[in-house]
Amino acid sequence: MAIVSPSMLSANFLHLQHDIDFVNNSNADWFHLDIMDGVFVPNISYGLPIVQTIKKTAQKPLDVHLMIEKPERYISEFKQAGADILCVHYEACLHLHRTVQAIQQQGMKAGVALNPHTSVDLLRDILCDVDMVLIMSVNPGFGGQKFIPQSLQKIARLKELIEQTNSQALIQVDGGVDATNCRQLTQAGADVLVAGSAIFGAENRTMVVDELKRS
Ligand code: DX5
Ligand code: ZN
């Protein structure tokens with residue numbers, strides 16, 4: 001069974017409670033929250049007040065994906081806002097190992113995200129120290145983009161590296177994930193599926209969550 005993390009970027013912000021309730025009552029596992037600063041990625045999403053607000057009624061862990069420059073500046077702020085898992089981009093961190101340790105010292109799980117052009121081999125030396133690796137299967141910044149098929153090979157290669165290094169890291173995949181590709185993703189080694197438009201844009205959201213879960 002995959003871990004399913006619906007991306008709230010595709011939720012209806014006029015009726016956010018309704019969409020939070022949907023996730024609470026579904027078989028989904030986490031809330032995926034995308035934080036964008038308009039510098040690391042060309043888009044600006046939402047920030048700490050929305051994370052705090054979601055935390056008040058979310059009954060599942062908050063999986064926070066930081067698409068921001070120098071994310072080490074905000075680790076304690078996101079902890080206070082309610083993040084349970086904090087994921088930073090490899091490309092945005094100069095001292096990635098230090099940042100991963102700082103996240104864990106604050107009592108959160110630490111994830112490292114890789115853009116489509118970043119090789120998974122670059123993480124080899126710190127794989128044992130991270131709790132999760134996020135393979136971006138689109139260029140980060142927007143929901144509703146098309147899945148990049150080469151991501152499957154990256155997942156398979158990362159799985160190999162995790163086994164070779166006896167790492168416990170989970171493999172998360174984010175971008176263009178839907179009911180048509182979820183099976184291939186979990187077969188390649190993905191443990192956590194993030195989906196935004198495939199879930200919130202569906203007529204039957206419950207069915208999509210269950211299909212992703214079963215993949
Ligand atoms: C993209 C974000 C994703 C996004 C996924 O930069 O990291 O989490 O919400 O959206 P879909 O599932 O629509 O591709
Ligand atoms: Zn994301």
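Counting starts at 1 for both ligands and their atoms, in listed order. Along the sequence shown, residues are numbered consecutively beginning with 1.
- With hydrogens and angles ignored, the 3.5 Å screen pairs no side-chain donor or acceptor of Asn115 with any backbone N or O of Thr118.
- Asp29 and Lys213 are joined by a salt bridge, as a carboxylate oxygen and a charged side-chain nitrogen come within less than 4.0 angstrom of each other.
- Salt-bridge annotation for Arg205 and Asp19: present, with a side-chain N of the basic residue lying under 4.0 Å from a carboxylate O of the acidic one.
- The aromatic rings of His65 and His89 lie parallel to each other, their planes meeting at an angle below 30°, with 60° marking the opposite boundary.
- In this structure a side-chain-to-backbone donor-acceptor pair under 3.5 Å is present from Ser45 to Asp34.
- With 2.8 Å as the limit, His32 counts as an N, O or S neighbour of the Zn ion (ligand 2).
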Would Asn12 and His18 satisfy side-chain hydrogen bond (donor to acceptor under 3.5 Å, both in side chains), going step by step from the backbone distance to the final call? CA-CA 8 Å; Asn12 181 348; His18 176 262; over 6 Å; no
So what's ligand 1 close to, N/O to N/O, under 3.5 Å?
residue  : atom   : partner : partner atom : Å
ligand 1 : 6 (O)  : Gly141  : N            : 2.7
ligand 1 : 7 (O)  : Asp34   : OD1          : 2.9
ligand 1 : 7 (O)  : His65   : ND1          : 3.2
ligand 1 : 7 (O)  : Asp174  : OD2          : 2.9
ligand 1 : 8 (O)  : His32   : NE2          : 3.3
ligand 1 : 8 (O)  : Asp34   : OD1          : 3.1
ligand 1 : 8 (O)  : Asp34   : OD2          : 2.8
ligand 1 : 8 (O)  : Asp174  : OD1          : 2.7
ligand 1 : 8 (O)  : Asp174  : OD2          : 3.0
ligand 1 : 9 (O)  : Ser7    : OG           : 2.7
ligand 1 : 9 (O)  : Asp34   : OD2          : 3.2
ligand 1 : 12 (O) : Gly196  : N            : 2.8
ligand 1 : 13 (O) : Gly144  : N            : 2.8
ligand 1 : 13 (O) : Ser197  : N            : 3.0
ligand 1 : 13 (O) : Ser197  : OG           : 2.5
ligand 1 : 14 (O) : Gly176  : N            : 2.8

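- Looking at His65, its N, O or S atom nearest to the Zn ion (ligand 2) turns out to be ND1.
- Gln106 and Ser76 get closest at one heavy-atom pair: NE2-CB, 3.6 Å.
- Per residue Asp174, closest N, O or S atom to the Zn ion (ligand 2): atom name OD2.
- The Zn ion (ligand 2) sits nearest to atom OD1 when only the N, O or S atoms of Asp34 are considered.
- Arg214 and Glu211 are not joined by a salt bridge, as no carboxylate oxygen comes within less than 4.0 angstrom of a charged side-chain nitrogen.
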